Amino acid sequence: MQYKEYKGLNYAEVADEVLEFWKENDVFQKSIETREGKPTFTFYEGPPSANGTPGIHHVMARTVKDIFCRYKTLQGFQVKRKGGWDTHGLPVELQVEKELGITKEDIGKKISVEEYNQRCRETVMKFKGEWDDLTQKMGYWVDLDDPYVTFDRNYMESLWYLLKKFFDKGLLYKGYTIQPYSPAAGTGLSSHELNQPGTYRDVKDTSVTAQFRKEGTENEFFLAWTTTPWTLAANSALAIGEKIDYVKVRTYNQYTHEEIFVVLAKDRVSAYFSKDAEGLDFDGYKKDGKKIPYEILEEFKGKDIVGQKYEQLLPYVKPDGPAFEVIPGDFVTTEDGTGIVHVSATFGADDQRVCQQAGMSPILVKDEEGNDAPIVDKQGRYVKEITDFAGMYVKNEYYPDGEAPDKSLDVQIAIKLKEENRAFKVEKYEHSYPHCWRTDKPVLYYPLDSWFIKTTALKDRLVKLNNTINWKPKSTGVGRFGNWLENLVDWNLSRSRYWGTPLPIWVTEDRAELKCIGSIAELKEEVAKSVEAGFMNEQIGDDFDLHRPYVDDVVLVSENGKKMFREPDLIDVWFDSGAMPYAQWHYPFENKDIFDANYPADFIAEGVDQTRGWFFTLHAIAGLLFDKVAFKNVIANGLVLDKNGNKMSKRLGNAINPFETLSKYGPDATRWYMIANANPWDNLKFNLDGVVEVQRRFLGTLQNTYSFFALYANLDSFNYKEGDIPVENRTESDRWILSKLNSLIKAVDAAYEDYEPTKAARLIQDFTIDDLSNWYVRLNRKRFWRGEYNDDKRAAYQTLYKCLETIAKLSSPIAPFYMDRLYQDLNAVSGLDNAISVHLTDFPVADEAVINVDLEERMALAQTISSLVHSLRKKDTIKVRQPLSKILLPVLNDKFKRQVQSVEDLILSEVNIKKIEFIDDESGVLVKNVKPNFRKLGKEYGPKMKEISAKINQFKPEEVAELEDKNELTLALKDGPITITLEDVEITYQDIPGWSVATEGRVTVALDITLTEDLKKEGIARDLVNRVQNLRKDMGLEVQDKIKINIEKNTDLVNAALEANREYICQETQALSLDISETVVDGNLLEMDEHRLKVKIEA
RNA sequence: GGGCUUAUAGCUCAGCUGGUUAGAGCGCUACACUGAUAAUGUAGAGGUCCGAGGUUCGAGUCCCCGUAAGCCCA
């Protein structure tokens, strides 16, 4: 049997063929089945949404996922990968609305909820085919036959189970969140609606800079500015920026002319006070509001005043808890206002958040049902508790036509504050403000009911659990995610939509009784009771759909016999995906054993944009309900940008089509490029040139090396059936490359283990290109094609085979198709492994006994020395084919000499030199260079380094000699003498006078360029061999074909050269004879430097 | 506005705990090699290590403040 030989390999075709092979032989399934009973490695697939087409960034994300699943499989773990689809949510709804040409308004009117949801169900899998296609073509192994689907009834039942668990733990509650709200339309607005063009308009509002009196002072105030004075009655706190500088200013109120002390940001002083008035005589102030004197008394940071208390500005409604403190707010700026922000927990989203974090209470009243309510009702009017202004609309626009008062509420409040010495400044202010697209009237930020998961209750636990997760990169875990947890707010689950998982909570009309349903069985039980109570006509069916509108029709009966209706909300789709560890197995209703064995995940990977999405919801549900992490290792990968670093977008036309890329360059080069080029967590500037380079440089070199191996191994029928030649019996270079190979195995294994795929890929390609191809193969070429099939040849084949096979195995997680082909091509002949695919083998284990650091060191020396000689030859323009007699090598120490000697032959043949002459001190010709060892001396002498370094650099040869002799030398420094030893300096040989030398690091080489007659002759012989080889090739001869050479008589030198090297020439060119004739007819004229030879070759 | 990331040769990236000539590949230029040959080798040119401060005997590396780009959040 022969190794397969290729003429030009098309990597994309290889991938297609290998894919076919995988399918025919169920390789993926086998990779899981053959690990039955082995320890499991659990991977969770973050579900993509199939209502859009996949992009090149999905290839990136999925390559990362695939690599570690394959790697762990090779390591012997059983790695199940259940695929999944994210199917609910707004994007699906919007797409359907676009297709149907309707808006949310039309649902329930032009189209029933039932029909609408049916359309969503159909649309959501629209591009499933393309996704499946991509999955296969890129070689992403994931179980597509039995994926989890978030709209599936079983999946949703598990969600209900989890929600009920939250409910039972008291972690699911109804609260409010601040959302854009249109009182005129009586409805909340989505951010989508707010982003409509024309929504934001410039309006002039009455703005007030109010004075909040510091507790315990007579006339010291915090200044805070607002464009919505009506919210001042709901003030809960004042927010400052902790890093912002603030000042305390003495001045007068411009309306009451009373002396006051005010606090505001330093940067805002100039906006409130005119520079001319600074330092004016206070006593001379005329109380006319003009030229009000002021002086800055104190300056401090925002964080210094956090926690200070002040008096309520408009004390109509008392808070039910702590309030009226200075708190930190991350949104505070000094762009406008005073740098102190009035915060109302009921009328601002930021406000609510910082109040919650700082424990400040909202200003609330009780509505008719006794529930908490804000001080503005749903129509936009002040409630009766605001006695002075009860019933007034907070915006004049809300009044019916012609009924609006002259003085708006904002103005009236401003007047009141002025009178009470609480207004520092009142003015009209023009700014951009959102308006309702339906009513054209201003939007309010208003608290609306929502259901929450009380994530804050277990914040500390979530933080602790997070610290046990291995994040790649670490900064995303401690920074982006860690900070997010530190500033956690409760998770708002409510969505007012149609296509999603309904909240399984039923409530009586007086809201006195609540029921949370945790399973379909439970729902049936409750429905049975309801049927009995006469609220429902019949039991729900066995195939009851948990979606709207069906669940909305279910009316339950409370303990007290009252009707219960479902809360109309759907839950956040992020809950869907965060619940996948449980719901994908329909836990706890089925598959408890599978769930237990696969929880938590060992590994997940997704884009860094999922940090607060999927990563968080997984973590929150696991932490809150199960007190566990949901995943132990996580890679948060970056974005895929275009080659200029811009975001890819279909609109700009710079998006890369993944299918085109895969079919043109093949998945292996694409995947390898993505992984090798940048760490997954850095953004990738995707450049197709880079893919081409990978193809050529890495895959090409590897394939070349294989072809080289296959060519000769086939000629010698090498099939690795003869048993390994012991490593110690192999040549120095064999043992070297094997040592490197085993070091590589260790390093690559460690890189994968540490979730560093980029490191692994770079290690492999460096080894392949530099060590294996450019050094080992190049130096050992002749061993493969010259002479008979003996032990030395066999050793060479075995060595190269092992290298290729190991590269295939190590690389297979990253480049699964090509590496499988390479592996199969090798293994098909040798049968060393009992496996049909590389993905069914075991990950290589390094043989420590073969790793030889000293050997690796000395080969590095050989490479350095060869490189130096090459550069010298180049300098003197002496080509490598011309042999030279010797090089001189100054000996640094015994170890150096020993190491060079053991690789002497390699160097000599590589650079075509006859011998190496070692020279040492004794010769007296060497010029030494002394350099201080900064690292060592610096640790000891620190500040004296400059002086020491100067002294050492000025050493005379006698001083160096003394140091080398006695191993110590005293330096006289300003502060007294110090003693240094040989270890404190680095001595190198810099020059050999009279020779052409080259130096790299500590190695110096001199080249003897004298050409003797014998050397010249040998050079001619080598040139001839070279030309003859070319002729052979031109004639189309095979490597093993024999020839006869006939050369026309030439100059004495050439003739002598041929005679002297006859044997060598014949051996190299596979010539049976070499004749020198008086004349040669039909010969080729060969030009070799100044020589011209007429040569005829016959097969 | 906040958090996080990135910034080193024309391009893509290395540069470990600070140690004195800042590296590699691609590209470019020149030369060499020629039974791996649509390969390969050697050399050269090419760097205010984003900017400004600071710590230190010594900073690409540590600290602070900025700038630019990206992401998430507001």
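Model, not experiment: these values are computed from the prediction. Here is how names work: the chains are called A, B, and so on, in the same order as the sequence lines, proteins then strands, and each is numbered from 1.
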> Round to a whole Å and report the spacing from CG of L9(A) to C1' of A38(B).
14 Å
> Distance check, C1' atoms only: A69(B) and C33(B), in whole angstrom units.
45 Å
> Rounded to whole angstrom units, what separation is found between the CG atom of N704(A) and the C1' atom of U40(B)?
9 Å
> Give none if A7(B) has no partner; otherwise give the nucleotide forming a Watson-Crick or G-U wobble pair with it, both distances under 3.5 Å.
U67(B)
> Would you kindly compare R1027(A) and R697(A) by the position of their nearest RNA chain B nucleotide and give the one closer to the 5′ end?
R697(A)
> Say you pick atom P in C73(B) and the same atom in G27(B); how far apart are they, in whole Å?
41 Å
> Quickly work out the Q695(A) CD to C26(B) P distance and round it to whole Å.
16 Å
> When you look at NZ of K746(A), are more than 12 heavy atoms from neighbouring residues, nucleotides or ligands closer to it than 6.0 Å?
no
> Write down the distance separating the P atoms in C57(B) and C72(B), rounded off to the nearest Å.
45 Å
> From A36(B), G19(B), C72(B), pick the nucleotide closest to the side chain of D609(A)?
C72(B)
> Could you tell me how the ring of Y3(A) sits relative to the ring of F718(A): parallel (under 30°), tilted (30 to 60°) or perpendicular (over 60°)?
parallel
> Using atom C1' in both nucleotides, what's the gap between C65(B) and C28(B) to the nearest angstrom?
40 Å
> Using purine N1 to pyrimidine N3 plus N6-O4 or O6-N4 for Watson-Crick, or N1-O2 and O6-N3 for G-U wobble, each under 3.5 Å, what pairs with A59(B)?
none
> What about W672(A) and Y11(A), are their ring centers closer than 6.0 Å?
no
> Would you say G41(B) has OP1 or OP2 under 4.0 Å from some side-chain N or O of N774(A)?
yes
> Checking the side chain of N466(A) only, and the main-chain atoms of L485(A) only, is there a donor and an acceptor separated by less than 3.5 Å?
no
> For atom C1', what is the distance between U56(B) and A45(B), given to the nearest Å?
35 Å
> Could you check which nucleotide pairs with U21(B) in any of the strands shown, counting Watson-Crick or G-U wobble with both distances under 3.5 Å?
none
> Starting at CZ of R353(A) and ending at P of G2(B), how long is that distance when rounded to a whole Å?
13 Å
> Residues two or more places apart in sequence or in another chain: which of them pass ring-ring contact (aromatic ring centres under 6.0 Å, His included) with F767(A)?
none
> Base, sugar-phosphate, or nothing for Q1029(A), non-hydrogen atoms under 4.0 angstrom?
base
> How about F784(A) and F708(A): are their ring centres within less than 6.0 Å of each other?
yes
> Measuring from the side chain of F708(A) (C-beta onward, heavy atoms only), which nucleotide among A36(B), U42(B), G19(B) has the closest atom?
A36(B)
> NE2 of H870(A) versus C1' of A30(B): gap in Å, rounded?
17 Å
> What's the gap between U37(B) and A43(B) when it is taken at their P atoms, as a whole Å value?
25 Å
> Using ring centroids (six-membered ring only for Trp), state whether H57(A) and F686(A) fall under 6.0 Å.
no
> Who does U48(B) pair with, Watson-Crick or G-U, both distances under 3.5 Å?
none
> Hey, does R1022(A) reach any base, or is it just sugar-phosphate, or nothing, if we go heavy atoms under 4.0 Å?
nothing
> Can you identify which nucleotide, out of G19(B), G25(B), U37(B), has its nearest atom closest to the E693(A) side chain?
G25(B)
> Quantified in whole Å, what is the P atom distance between nucleotide C26(B) and nucleotide U42(B)?
11 Å
> Which nucleotide in the list A36(B), C71(B), A39(B) gets nearest to the side chain of T705(A)?
A36(B)
> Sugar-phosphate atoms are those with a prime plus P, OP1 and OP2; base atoms are the rest. Using that split, label each nucleotide of nucleotides 3-13 of chain B B, S or - for protein heavy atoms under 4.0 Å, 5' to 3'.
BBSS-----SS
> In the structure shown, which nucleotide is the Watson-Crick or G-U wobble counterpart of A36(B), with both distances under 3.5 Å?
none
> Can you tell me the pairing partner of G41(B) across any strand shown, Watson-Crick or G-U wobble, with both distances under 3.5 angstrom?
C31(B)
> Going by purine N1 to pyrimidine N3 plus the second Watson-Crick contact, or the G-U wobble pair, all under 3.5 Å, which nucleotide sits opposite A74(B)?
none
> Taking for each residue the nucleotide of RNA chain B with the nearest heavy atom, is it G938(A) or Y941(A) whose nucleotide lies nearer the 5' end?
G938(A)
> Just checking K946(A): base, sugar-phosphate only, or nothing, at a heavy-atom cut-off of under 4.0 Å?
sugar-phosphate
> Are R762(A) and D766(A) within salt-bridge range, i.e. N to O under 4.0 Å?
no
> Remember a base hit wins even if backbone is also touched, and classify S773(A) as base, sugar-phosphate or nothing at under 4.0 Å, heavy atoms.
base
> Ignoring hydrogens, what is the shortest heavy-atom contact between L937(A) and D984(A)? Give both atom names and the distance.
CD1-O, 3.3 Å
> Between U61(B) and U17(B), how far apart are the two P atoms, rounded to whole Å?
13 Å
